[in-house]
Each structure stands twice: as structure tokens, then as C-alpha cells.
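Data block below; observations after.
Position 1 is the first residue of the sequence; numbering continues from there.
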Amino acid sequence: MLQHLAPQPLWQHFQQICAIPHPSYHEEALVSHLQRFADQQGLQHQRDKVGNLIIRKPATAGLEHAAGVVLQSHMDMVPQKSDDSNHDFSVDPIRPRVVDGWVFATDTTLGADNGIGVAAMLAVLQATDLEHGPLEALFTINEESGMDGAKGLQAGILKGELLLNLDSEQEGELYVGCAGGIDATAKIAMQRSPLSDERVGLKLIVRGLQGGHSGLDINLGRGNANQLLAELIQQLSSQYDLKLVDFNGGSLRNAIARRADALLAVSADQLAALRDSTQQLKAELKQRYHQTEPELDVGFLHTDIDADPLTAASQQQLIDAVLNCPHGMQRMHPSLEGVVETSNNLAKVQLKDTSVELQCLARSANELERDQLCQQIESRLAPLGATVTFDGAYPGWTPDLNAPLLDAMQRLHQQLFDQAAEVKVIHAGLECGLLAAAYPNWQMISFGPTIRFPHSPGEKVEIASVERFWQYLSHCLKKLAKLHEQAKGPQ
């Protein structure tokens, strides 16, 4: 289907990528595919010590002394699926479809983030009609779940001077900075006690939320399924004798929680009234979120009670922790209009036998603000008995608005499209900040086609923007190879 879209080589590669399962931590099949591709093209390739793949392509004849360009994308994708999908991301291919000028997946994330970037790099490596200097294609591992590839990249393995990161998601924008982040995990001991009377099991489900990227979409006012479920239980508990047996919500640290469910032990004689009250609360939630969550739904399932419920004290601890944990945009950037500076995503809540864990991803373009947010998370949860740990920190990317690379790419965008590119700083995490730790002298730009709703089953990429993205990328390589101020000259 996709191989008939333009530019044909890029879409052919993306179609092949979709056929190979590649969620975070499961990129080896895709790595093998890329290695076979490099061998077929006669290109030198290597794996580094953490598993990143590098493929090198010699310069066009006569441009051997131009500044080397590193093209970079990550190989993993976020595995999110619709509530009624039985898709297994470890074995099932992504099933793309074309609708009204966009490419979607069927009931899952598409993986255009960052599969389009990977496909574009393969198309560049395969092309025989592009002019360019020495090229290195850097395919990193596990960006979505920890940026392990970027963190582990060793200094000196790459020789290029200019980095083009192909992981941005809005056509016509050049990104020169991004937020850093840190994972926060709160763990609270839970106590259980046996039921002393007859109860029926009722699973309360919050579903139908849009979710989305916890960096790009965190300021859109979307609901967090974890907190909405906790709010419902809190309100229902004030009217009915509910005992909490289980609570699970969210899935990935960088995705806003779309679904959460709780198993409640309920007296049979309260069941009908409880259902009526829940319908009323559902109507109130739908009114509150009618603009941002049009498909919000609250449902019930009758089920067996398979464990002892929490004590009343532990149940209240859990609800208070979920409701008191900061979530959403915390501060807008003081000097960049429309850019979120600091946010927290309450990504996942999981009740286990003797504890509950809350997993968050805190982001900020300002390390001081990030640290203060971490202190706020701890100060809100520690009084509830939580032990809070912080790890996986990665730095932001500080903008350099005077870089010659930025000037060259702005000029080219104006020439090609008769309009200026917007220079942006993004609240999401890009690998550039980590890559700069190993290669501080690199000039870096991030750009890409228009992708909507990444990290959710609604993810889609605009076909026309991919064609323009390819046009811009191929012209960039030619222009950068011929820039006198960046040419090395004969050695």
C-alpha cells in the first residue's frame, strides 16, 4: 500500500519497518534488517558497545573534504493499542492504512515516531542521485524508554561535524533545544485484610481517553485515567462501602495514561445504587472534559474477587497518593512563547500484593525547576508513606541560535518553500542533549514531517509533509556539502 506513495523509496522502507516488530527493548530484528540492507548496498557498518548501529556512506565524488554529516534517528517505537485490540507488539506487524492524506495504523501506534526518520535515512543511503559529503547514519536503541542508545554513545566513534536529528514532528519547524527529564518512582507499603462479609467483584474502568505524548501533549488539558479513576473511587467511597482489591492504570512513562481500572468488593444490596451514582459521576466527567476527551467512558465489569482487599487506611493512602501527585503542565517557559518549561506525567499506577507504585516522568528545560518539581513530588507523597526514588536523568539541549548550520538551513527553507522555518525549542525529550555530551562541538538541528498524536493509537503522519520533508533533507545534504565556511579543504 505505502510503497506507491511519494517519495517511493522512503515509503517502501517505512512499509518494511512496519512489518518488523520493534518496540523499545525489542529492536534486534530491525537491526538485523538494517545490517542486511547495508551489506546489500556495499556500505560499511558497525554496532557500538550499547547496541547502536552506524552505517557509513562515502561522499559524492569531489565532495570528500566537505564537513561530515551525521543523520540520526531512533529505532524503537512506543507500543500503544486501542482498548479492544489484541495486538502483540513483540510479534505482530503494524498495519498501516491511508485515510484522507494521512497514514494511520490499525488500532495501534504507527511508529512514524521515529520510523519515518529511519526510512528517510535508508533512502539517503540507497540513493545514487543525491549530492552529499561524508555521511554517517546513526540508528540509536531504546530512545522511548530511557534513551539508552544516546546515553551510551561513545566519543570518537563518529567523525562527522553536523548532526541532523530526524525525530521532530511538525513540518516547517527547526528545533534547536529540548527539555531534559528524570524518572520518579514512588512506592508505598500496602496492608490487606480478609473480607468479613459477602461481596461481589466489580471492575470499574476509565477508558476512551486520548492519551498522547507526555511532552508534546501535556498542556492540552487531557484527562489522566489514573487520577480520574482515583477521583471516582474517592467520591463513591463517601456514599458506599467499597473495598479496593486492585488498581492498575497507564502503561509507559512518556505516554499520558489513557485507561485505568480498579477491582472493587461491593455489597450486593448496594450494587444498583452504586451503578446509578457512577453514571451520574460519569456524566459530570464527560461535561468537564467535553472538549478535550470526547470519547471518555466509565464502565463496569462483574468479576471474581481474587485477592484480599486493602485495609481502609491503605485504600485511602493509595487514593490520596494518586490525587496528590502532580500531573500536567507545571510552568510555561518564561521567555519562549507557547513552550512548556516544566511538567510531570503521572504515567503508571500499579497495585501489587504488598505495595503500590506510582511512576512519573518529570521534564523541564531548566534543571533547577526540574529539581524543585522532584522535591514537590517527594514532599506530597512522603507524608503518605512513600519512598520516592529518582533515576534515568537526561540533560536538555541548550539552543545555539548563532550556529552556522541553523543559518544555512533557514536560508534553504526560505529558498525551497518561499517561507521562513520557525525556530523552536520542544518540551519533549530529544536525544540531542545526550549526544552533545559525547560530541560537544557538534552543530545540531532536529526536523521532520508532520506527525499527530504520537504515543497513542491515533498517531498519524501527513503524506504531503513527508514528501516535502524528503525534498528538504536531500537539498540540505547538497547545501551543507558545498558550504565554504564548513568545508575542511584538502588535508
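The nearest pair of heavy atoms linking Q270 to D241 is OE1-N, 3.3 Å. The minimum heavy-atom distance linking I305 with L195 is given by the pair CD1-CD1, 4.1 Å. For H455 against A255, the heavy-atom pair with the smallest separation is O-CB, 4.0 Å.
Looking only at atom types and distance, the side chain of N86 has no donor-acceptor partner in the side chain of D88 under 3.5 Å away. For the residue pair E27/Y25, the side-chain donor-acceptor check at 3.5 Å is not satisfied. Defined by atom type and a distance below 3.5 Å, a donor-acceptor pair is missing between the side-chain atoms of Q375 and R380. Between the side chains of H87 and D107, no donor-acceptor pair of N or O atoms lies under 3.5 Å.
Under the 3.5 Å distance criterion, the side-chain polar atoms of H33 are left unmatched by any main-chain donor or acceptor of L30. Under the 3.5 Å distance criterion, the side-chain polar atoms of Y240 are matched with a main-chain donor or acceptor of A273. When atom types are taken as modelled, the side chain of T311 and the backbone of S314 share a donor-acceptor pair closer than 3.5 angstrom. Side-chain N or O atoms of N345 include one that pairs as donor or acceptor with a backbone N or O of R253 at under 3.5 Å. Between the side chain of S214 and the main chain of I256, no donor-acceptor pair closer than 3.5 Å is present. Within the 3.5 Å criterion, the main-chain N or O of D320 finds a donor-acceptor partner in the side chain of N324.
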Task: Verdict with reasoning, F37 to Q16, per side-chain contact (heavy atoms from CB on, under 4.5 Å) - done: CA-CA 11 Å; F37 163 83; Q16 293 171 351; over 6 Å; no
- [ ] For the pair K187 and L358, evaluate side-chain contact (heavy atoms from CB on, under 4.5 Å) and give the outcome as yes or no after the intermediate values.
- [x] CA-CA 7 Å; K187 186 173 182 178; L358 285 70; over 6 Å; no
Open item on the list: Go through it in stages, so that I can follow the logic: the residues are Q210 and R258, the test is side-chain contact (heavy atoms from CB on, under 4.5 Å), and I'd like the CA-CA distance, side-chain angles, deciding distance and then a yes or no.
Closed with: CA-CA 6 Å; Q210 295 195 69; R258 298 184 299 108; over 6 Å; no
- [ ] Go through L435 and V70 one step at a time and tell me if the side-chain contact (heavy atoms from CB on, under 4.5 Å) criterion holds.
- [x] CA-CA 11 Å; L435 299 176; V70 179; over 6 Å; no
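Around atom NZ of K282, more than 12 heavy atoms belonging to other residues, nucleotides or ligands sit under 6.0 Å away. Within 6.0 Å of atom CD in Q154, more than 12 heavy atoms from other residues, nucleotides or ligands are found, so the atom counts as buried in its surroundings. No more than 12 heavy atoms of other residues, nucleotides or ligands sit less than 6.0 Å from atom CD of Q191.
K352 and E357 are joined by a salt bridge, as a carboxylate oxygen and a charged side-chain nitrogen come within less than 4.0 angstrom of each other. Under the 4.0 Å criterion applied to side-chain N and carboxylate O atoms, E369 and R331 are assigned as salt-bridge partners. In summary, E341 and R370 do not engage in a salt bridge, as defined by a charged side-chain N under 4.0 Å from a carboxylate O.
Only one option out of R259, K286, R207 pairs with D297 in a side-chain hydrogen bond (donor to acceptor under 3.5 Å, both in side chains); it is R207. For the side-chain contact (heavy atoms from CB on, under 4.5 Å) test with E143, the passing option among V78, N114, D167, N254 is D167; the others fail. Each of N224, N344, N226 was checked for a side-chain hydrogen bond (donor to acceptor under 3.5 Å, both in side chains) with H327, and the lone residue meeting it is N224.
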